[in-house]
Structure formats: C-alpha cells, structure tokens
Amino acid sequence: MLVQVALPVPLYRVFDYRLPADTSALPNAISTRMPQIGTRVEVSFGRQTLIGIVVAHLSEADSSVPLNKLKPINKCLDADPILDDSMLTLANWLARYYHYPLGDVLAVILPSLVRQGKPLDLLITHWRILPHITDDDFHANAKKQKQQFDMLKLHGERGASEDVLLLEGMQRSFLKTLEEKGLIERYIESKQAPSPVKLAKMPLDLNTEQQLAVDAIIAAHEAQRYEGFLLNGITGSGKTEVYLQAMQTVLEAGKQVLILVPEIGLTPQTRARFASRFAAHIVLLHSGMNNTHRLQGWQDCRTGHAQIIIGTRSAVLYPFANLGLIVVDEAHDGSYKQQDTLRYHAADVALYRGLQHHIPVVLGTATPSLEHLKLVDDDKLSEYQLLTRPGNAKPAPMQLIDARLQSTHQQSTDDGERYDTGLTDTLIGAIRQTLEAGDQVLIFLNRRGYAPVLLCKACGWQADCPRCDAHLTVHYASQAQQNAYSSHSYLKCHHCDWQAYIPTVCPDCGSQNLDAKGMGTTRLSENLHAIFANPQTSKVLYPIIQIDRDTTRLKDSWEKIYQRINEGKPAILVGTQMVAKGHHFPNVTLVCLPNADRGFLSADFRSPEHTAQLMIQVAGRAGRGDKAGRVLIQTLQPDNELLLKLVKGGYLSFARELLQERKMMGLPPHSYAALIRCEGKTMAATTQALKDAIALLPSNHNLAVLGPIDAPMSKKNSRYHAQLLLLAKDRRQLHHVLSQWWQPVQTLPSAKYLKLTLDVDPVGW
Ligand code: ADP
Ligand code: ZN
Ligand code: ZN
C-alpha cells in the first residue's frame, strides 16, 4: 500500500511513498489506514522536508521503485481531503494544458499557509457592536472613541475581523477601551451554514435585450448544464443588471456565484454594487490580502460559507463547495492572464470550470477580445448583445480632430518662454465649454510621470536606464501638486524601478540645455493649470484631478479622489488606463483622447486590438448620467484606416475586420501559439539555448517556428531576453509537440544557468 504525492518541486512527476511500519504514528490516518487522496502529508525529499498532496493510492507492484528503497511519509496533516476530485482534476488539467509540473500547479493553487502545513480552521477574532448600544451611549467629549466606533458601525451587526479593522486605521487600544466600556465585543465567527440569500433591493425592469440574456443564463442553470456566454454589451448597457438577475436565481437555489473582476476594478464600489442588491455573505479575494485572510477566504469558498465571491484572476483557482455561476466582468482585460509561473488565463480557466461543474459562465464586455469572438463563430460561446443604454442615455458619439490642420496651443511661462501644450484649440474650446456648462471633462493619457524622455538639445543624449532597454521617465511634481503627494523630482525606469537624480548638465557634453520631451499626466495637468487659470491671480478655476498609479499609491487616495469627482462640480480629470475600467463618473460629459491612437502604429500585431479596447472603454465614461456625452479624438493620422473604421463603424465592425486579417495571416486566434522565453546574463547564451531547443523539435512537427529573436525589451533589469514562437494550425497538434519536447528542452546543457519559460496562448510577444 503506497501513496503517490505531488510535491512543490520543478519536476514533471509525482513521488511514491510508503506508510510507516507503525501507522499509529499517523494520528489522522488511523480511521482510514491510508491518508486519503487530496490530503496533505509531510515527507522527506532528499535532505528537505516538504509538504505535498496525496494524488493517488497504488499497490507495491505498481511502483517503479522497490519497497525497500521507498521512504515512509512522516506525517498526515489532514484527516479529510482539502482538495476534492474536481480540484485535483482542475490541477491536472492546468498541468497538462500549460505544461507545468503538477506539484508546482498545486503550489499556485494553495494559499501559502496551507502549503506551510497550517491547520485550515484558523480562528480569527471579529469585533462587533453590542446590540443595545446606540450613539447616545457616548459622551460628547469622547470624540476619538466615537469616531472609531463609527468605523466599526459601518460594518453592520456582524462587525468585521480585527485585521480588516486595523487595516482601515482602527487602533487596537481603542478596541480594548470600547470593549472595557461594554460597547463592543469580540467573537469568533461561527462557521455554520450561512442563512439563505435575501434580496435587499428590488431588481430593475429589464429591457428586452437584457431579458433574453438573463433567460438564457437561467435556462442553462436550471438544466444544470454548462454553457459559455459572451455578454457583448456597450458600456452603460446594463450588463451588471444582467449579472445580478441571473445571480438571484442561482443564489436562491443555494449555490455560490463567483464574479471575476480585473485587477484594477476591485474598488469598494464593486462590492457595494452586489451588497446593495443581496443580503448575502460576500467575500472579496484580491492580491492585497494577507496570508490569514487568504486562508480564511479559501476556507469560506471551500465550505460554502461564502455565497458571493468577488475576486481578481486567482480567485478562479479557489475550491468551491457548490458553485452555480461564474461571471467574468470585462473579460477582454489583460490582467486575466497571469504573466509568470503558471501562465494561465482566468477566462479560459473559468470556461473549463463551468464545463467541470455543469454551470453557466458569462463573459461580459463592451469590447470582446478576438479570441472570444472566434469562440462565438465556432459555436463555443453563445453571444447576447446589449446595444442600447437603458432610459434615455445615448452612447457618446466619437469625433476626430485633425491635429495636422492646426498647431497645438502654445503657452508662455513667466519668463516669456513659449511651450507646447499638446492640445489643439478645438479641444481646449470644447473643454472650456463643457466646464462652463457645469460638467466634468475626462482627458485620457496613458503615460504617467512628467515626460517620457530627458534629452540633451546640444548633443542628443537621452537619459536611459542602465539596466534596461528603456528611457527613464522624468518625474517632476509641479508646484500645485507638490503638497498633494510626491514632493521631489527624479528620473525613474518604469520597467525595473531604477531611480536617479535629474542631472543639471548633460553627462556627455556638459550642456545645460536639457529638455523633458513628450508628455505624461503630470505635465498635461500642469499645462491645463496654465490654460485654465485666472490670468490675474494664476489660480486655477476648476480642479484638475490627476488619476494614475502615482497619485493613487497611498492608501485611501483613490477613495478620496473618487469622492471629489462624485461631488459633481465642474472639474478636469486627467487619467491613465486606471480610469478606463468600470468606473461610473455621472457628470463626465466630455472625454478627450489627445494621442490615444498611437497604438495603431505599433509593431505588435495585437496593439490595434488593445488600443481600440482601451479607447472604447475610456469613451464609455462619457454620458453615463442623464446628460448626453461626446468623445473627441485628437490625431495626427486622421486617415488611418483602422482609426476610421473604429470611429465610424464602432468596435464590433473594427474587431471583425481585425479577425479577418488575422485569419489571412494565420495569426491567433486563427492559429495557436506557444512562446518560449529565455533569460540570461548574455544575449549569446540565451539565443544559443533557443537554437538548441529548435534542434530538439521532432522532425515532423509541422509548426511554424519563429525565432530565436530578441524579446521586445531584450534587456530588462540587467538580464537579456530572447524568445521563440511556435504557431500551429491546430491546438492538439501544438500540445502534442509541447508534451514531447518541452521537458527535454529544460534539461538542455546550454540552458543550465538560464531561465526558460513556456507561455501557452501568450497575449503578447
Ligand atoms: P455596464 O456594466 O454595461 O457598463 P451598468 O450595469 O453600469 O452598465 O449600467 C448602467 C446604468 O444603467 C446603471 O446606472 C444601471 O443601474 C442602469 N440600468 C441597468 N439596467 C437598467 C434597466 N433595465 N432599467 C433602468 N436602468 C438600468
Ligand atoms: Zn549633451
Ligand atoms: Zn530599468
């Protein structure tokens, strides 16, 4: 009697262990004699002690290792499986599909405390307000106590866990004080079955398009059958209402609903949208959780305690007691693809899990990826379109401004020096008009910092990152913003975070004529300040709110910005792609894209698709309230066919055309790709390893082999990257080759001190 154990080691195999002669040494295994499949065991592996998962039982005769060579397991950590059959099947599928070792797949799936062998039922202290306590129980002078009390009050009668409260800024000492005064109490949340989900608010009356989609999703749910849906609805068409009403039926049947959101979309608003409709146990899963919380979330999903689970990418790998529906919101979003270790795509995994659990999976988006459109063409997804906005709101029309016909607006500094604002007078006029009408303007510029390049005007020197193939971005906080967040100026690499002082003279020629070239959000905000300031007082007439990773880095800063915007006063918002997703700014009626169409010129064949998605998402922020909106695109290439197609025909006709192009060129999704990357200390070594890899391909492989070539950013963080692309007409053909070839490649002598990675279905190369 042996067990087969998957261990977190980078080897494509599992390992056989025997039971110790005296099984009473295995306290948890006494009742069953054998550790069950799906439980954790501790074993010796070489000189290490590792924790692994039992994946099979086998007889001595089936092991390739003679019994006297086998080591016994040291310890059983669980009496009952922590991973059920469906999770093990999922892990095996991931290992096969992404050609990744099973033990490593399990290491990705399991929360780190579980991997470390901690017991699953951690006891987490919660705090709640005692039922009879009201605001009147406070003395007028206990202001600080009252303030902390109010923070707890926001969490309702169940209160919240101590970690969450501390994270929100409560102080442990105050929790103690309030407890001593008999105002609040601590408790351990009991893990009984949650009460049935109740509606907290009435659903809206659906329009016909929404109703058709909801009916179809519910029909699949009721028939307990898998069906993948593409809910293709323009921004503001009410996709969320479709999710909510489909969810209602599923939740009322006692099943769990998993909602995936992009990395950036997990704002408190996301939770509020669901919490205001359902009285349910909602669990949020995201990358900012600490280990204890991750484990608790994992347990809540696994035991069925969590009823609505809202999470980013990795939530799709959680175990669920009785999953009934998966929603992937903004399914086209790039953050669903994991870019290291196990390079999975959460939307693909969601579809697999739907199939596994016989449940519907809804991919919702205003800008479907070409992959998903192809799945519709292949009858693998059912498409439901929402082409109108409920009520009177009309989608904002898009209009081009030809920046070749008029030069951009010039402004003068105090010293009389003139500089270019990057905005045409037409654009500035439209912004002014909108502000004067009392509305808000959103200007999209997908580049943070002050300027992308620091240039010497005398000799042409540019400030480059010493570790990457990249320019250093100039970060320079303008006067107006210095107090708000960062207070100094510096050069920074956006790829490896290298930082340096801004030189006062050119290091090559000594000239003082250094110039920040190009425009980032900080510079644009500064230019807008100059344009819209009162000329007498140079005080700005409208707030200019910059929204990017730099201004939202601090805790709660996004919240504060959001509140300021939603006060509704006229303002100019300047934002990077952070503003593109999901946010609802009801007073924005004008969206400006001063140079968003640059991506149509990129060498990456995926760039037009991603550029268009971003442009449409940003444009969708206009006119979401009662007022009509409009979108102005300032461009230097007004005859660009792709741009015209997008503006005139809309995203779908644009995407259909791209898909046709991909078909003609044999590119994904009309072919299937695997990207092999090699990283090392020299370019020669990385390229050689890939050449050796090509030599190992079976002679009849029938794939297109592109490379080895330098990766797009061939030097990054002082390491060199080369890559190799395999393209196949047929998915099975690709996987057939990979399954024979990829493991031997990793043991190539030339790859010894290099890092080799495989990306199946890469989203960029
Ligand atoms: P999407 O997610 O498709 O961009 P939302 O779900 O945010 O759009 O919906 C946009 C707005 O329309 C929301 O304010 C929502 O409450 C409203 N809405 C959605 N469906 C309906 C409906 N059937 N009747 C009235 N208002 C609706
Ligand atoms: Zn110089
Ligand atoms: Zn760098």
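Remember, it's 1-based here, ligands and their atoms both numbered in the order they're listed. Small disclaimer: the values here were computed from a predicted structure and weren't measured.
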How does Gln210 reach ligand 1, by side chain, by backbone, by both or by neither, if only non-hydrogen atoms under 4.0 Å count?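 The answer is the side chain of Gln210.
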Specify side chain, backbone, both or neither for Ser237, according to which of its non-hydrogen atoms lie closer than 4.0 Å to ligand 1.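 It is both parts that get close, each with some atom under 4.0 Å.
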May I ask you to check whether His495 brings an N, O or S atom to under 2.8 Å from the Zn ion (ligand 3)?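 It does not: His495 brings no N, O or S atom closer than 2.8 Å to the Zn ion (ligand 3).
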Would one find an N, O or S atom of Cys465, in either backbone or side chain, under 2.8 Å from the Zn ion (ligand 3)?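 Within the cut-off used here (under 2.8 Å), Cys465 does place an N, O or S atom near the Zn ion (ligand 3).
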Check the pair His475, His494 against ring pair (Phe, Tyr, Trp, His ring centres under 6.0 Å), reporting the backbone distance first and the verdict last. CA-CA 11 Å; His475 281 258; His494 283 187; 5.1 Å; yes
Can a side-chain donor-acceptor contact be found between [Y] and [X] if the only test is distance below 3.5 angstrom?
{"X": "Asp548", "Y": "Thr576", "value": "no"}
{"X": "Gln723", "Y": "Arg677", "value": "yes"}
{"X": "His332", "Y": "Gln613", "value": "no"}
{"X": "Ser607", "Y": "His610", "value": "no"}

Do side-chain atoms of [X] reach the backbone of [Y] as a donor and acceptor pair under 3.5 angstrom?
{"X": "Thr551", "Y": "Gln546", "result": "yes"}
{"X": "Gln210", "Y": "Asn207", "result": "yes"}
{"X": "Asn446", "Y": "Gln577", "result": "yes"}

Angle, SG of Cys459 through the Zn ion (ligand 2) to SG of Cys456 - 10° precision: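 Cys456 SG and Cys459 SG form an angle of 110° at the Zn ion (ligand 2).
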For [atom], what's the nearest protein heavy atom and its distance?
{"atom": "atom 18 (N) of ligand 1", "result": "Pro390 CG, 3.5 Å"}
{"atom": "atom 2 (O) of ligand 1", "result": "Thr240 OG1, 3.3 Å"}
{"atom": "atom 7 (O) of ligand 1", "result": "Arg624 NH2, 3.3 Å"}

For atom 27 (C) of ligand 1, which of Asn207, Thr208, Leu204 has the closest heavy atom?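 Shortest heavy-atom distance from atom 27 (C) of ligand 1: Leu204.
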Under 4.0 Å from a heavy atom of [X]: which atoms of ligand 1 are those, numbered in the order shown and with their elements?
{"X": "Asp205", "value": "22 (C), 23 (N), 24 (N)"}
{"X": "Leu206", "value": "23 (N)"}
{"X": "Thr235", "value": "4 (O)"}

Under 3.5 Å, N or O to N or O, is Gly236 touching ligand 1 that way?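 By distance alone, the answer is yes.
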Is there a nitrogen or oxygen of Gly238 sitting under 3.5 Å from a nitrogen or oxygen of ligand 1?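 Indeed, backbone or side chain, Gly238 has an N or O that close.
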In terms of side-chain geometry, is the basic nitrogen of Lys337 or Asp348 positioned less than 4.0 Å from the acidic oxygen of its partner?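 Not counted as a salt bridge, because no side-chain N and carboxylate O are separated by less than 4.0 Å.
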Worked check of side-chain hydrogen bond (donor to acceptor under 3.5 Å, both in side chains) between Gln617 and Thr367: CA-CA 8 Å; Gln617 295 288 338; Thr367 51; 2.9 Å; yes
Kindly state if atom 15 (C) of ligand 1 has a protein heavy atom within a strict 4.0 Å cut-off, that is, under 4.0 Å?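 Neighbour list for atom 15 (C) of ligand 1 is empty of protein heavy atoms (cut-off 4.0 Å).
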To 10 degrees, how wide is the angle SG (Cys493) to the Zn ion (ligand 3) to SG (Cys496)?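 If I round to 10°, I get 110°.
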